[in-house]
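Just so you know, these numbers use all the heavy atoms, side chains as well, and skip hydrogens, waters and symmetry mates.
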Amino acid sequence: MDTSDILAINMNDTKGLGKVMIVDDDAHVRIAVRTILGDAGFTVVTADGGSSCITHLKEGFTGVILLDIMMPGMDGWDTIRKILDEDLYHNIIIAMLTAKSAPDTKMIGLQEWVLDYLTKPFDPDVLVERTTYFMNFLVNTDTSI
């Protein structure tokens, strides 16, 4: 069974898919993503920045992280570095969800930790589809290395 089969199976029954953390300094984006993914059956945790994301991870969050790049204080790339420095990368998948149309040079050395790069504005159906794929990837891959 390839990933398209897994995606097709799970798109038919998305209830109880798993936990997603949306990390964005824009409250409107957090509310929109929480609503879209919550309605699709995901449990959604929100974080208003990198520090809040780190706190959730230290409290045991596992799942998919949709991470904005442009945030005040600790941006998305710095957040990933902190996740790595503090050994908090186990049982998570990171995907960037950002208004930046292309990654910048701060991504150098971090690309192996980012599964995908999604741009805002986003299509709600595509967001659910990609998040389902990320969750399946997490479930079917040993990320504890």
Quick one: [atom1] on [X] to [atom2] on [Y], what's the gap to the nearest 0.5 Å?
| X | Y | atom1 | atom2 | result |
| --- | --- | --- | --- | --- |
| Leu97 | Arg130 | CG | CZ | 12.5 Å |
| Met96 | Thr119 | CE | OG1 | 12.5 Å |
| Leu88 | Glu59 | CG | CD | 11.5 Å |
| Cys53 | Met71 | SG | CE | 7.5 Å |
| Asn91 | Thr62 | CG | OG1 | 6.0 Å |
| Leu115 | Phe134 | CG | CZ | 5.5 Å |

Does some side-chain heavy atom of [Y] sit less than 4.5 Å from a side-chain heavy atom of [X]?
| X | Y | result |
| --- | --- | --- |
| Lys58 | Thr55 | no |
| Ile54 | Ile83 | yes |
| Phe42 | Val33 | no |
| Leu37 | Val128 | yes |
| Ile65 | Tyr89 | no |
| Thr79 | Ile94 | no |
| Asp116 | Tyr133 | no |
| Ile36 | Thr131 | no |

**Report entry** Nearest non-hydrogen partners of Met135 and Lys19, listed with the distance
**Finding:**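 Closest approach of Met135 to Lys19, heavy atoms only: CE-O, 3.2 Å.
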
Query raised in the report: Where is the tightest heavy-atom contact between Ala47 and Arg30, given as atom of each residue plus distance?
Result: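 Distance-wise, the nearest heavy atoms are O-CD, 3.4 Å.
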
Requested in this report: Taking only Lys NZ, Arg NE, NH1 and NH2, and the carboxylate oxygens of Asp or Glu, determine whether Lys120 and Asp26 approach each other closer than 4.0 Å.
Outcome: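 Salt bridge between Lys120 and Asp26, a charged N being under 4.0 Å from a carboxylate O: no.
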
Requested in this report: Show the numbers, then the answer: is there a side chain to side chain contact (heavy atoms under 4.5 Å, CB included) between Val29 and Asp68?
Outcome: CA-CA 10 Å; Val29 172; Asp68 188 20; over 6 Å; no

Requested in this report: Verify the cluster assignment for Phe61 and Leu84: are they in a single hydrophobic cluster under the rule of side-chain heavy atoms below 4.5 Å apart?
Outcome: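 Same cluster.
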
**Report entry** Connected via hydrophobic side-chain network under 4.5 Å: Met70 and Ile80
**Finding:**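 The answer is yes; both residues are in one hydrophobic cluster.
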
Requested in this report: Would you please test Asp48 and Asp25 for side chain to side chain contact (heavy atoms under 4.5 Å, CB included) and show each step?
Outcome: CA-CA 5 Å; Asp48 62 2; Asp25 59 313; 5.8 Å; no

**Report entry** Flag, side chain of His56 to backbone of Thr46, donor-acceptor distance under 3.5 Å
**Finding:**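 Indeed, once roles are kept as given, a pair shorter than 3.5 Å links the two residues.
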
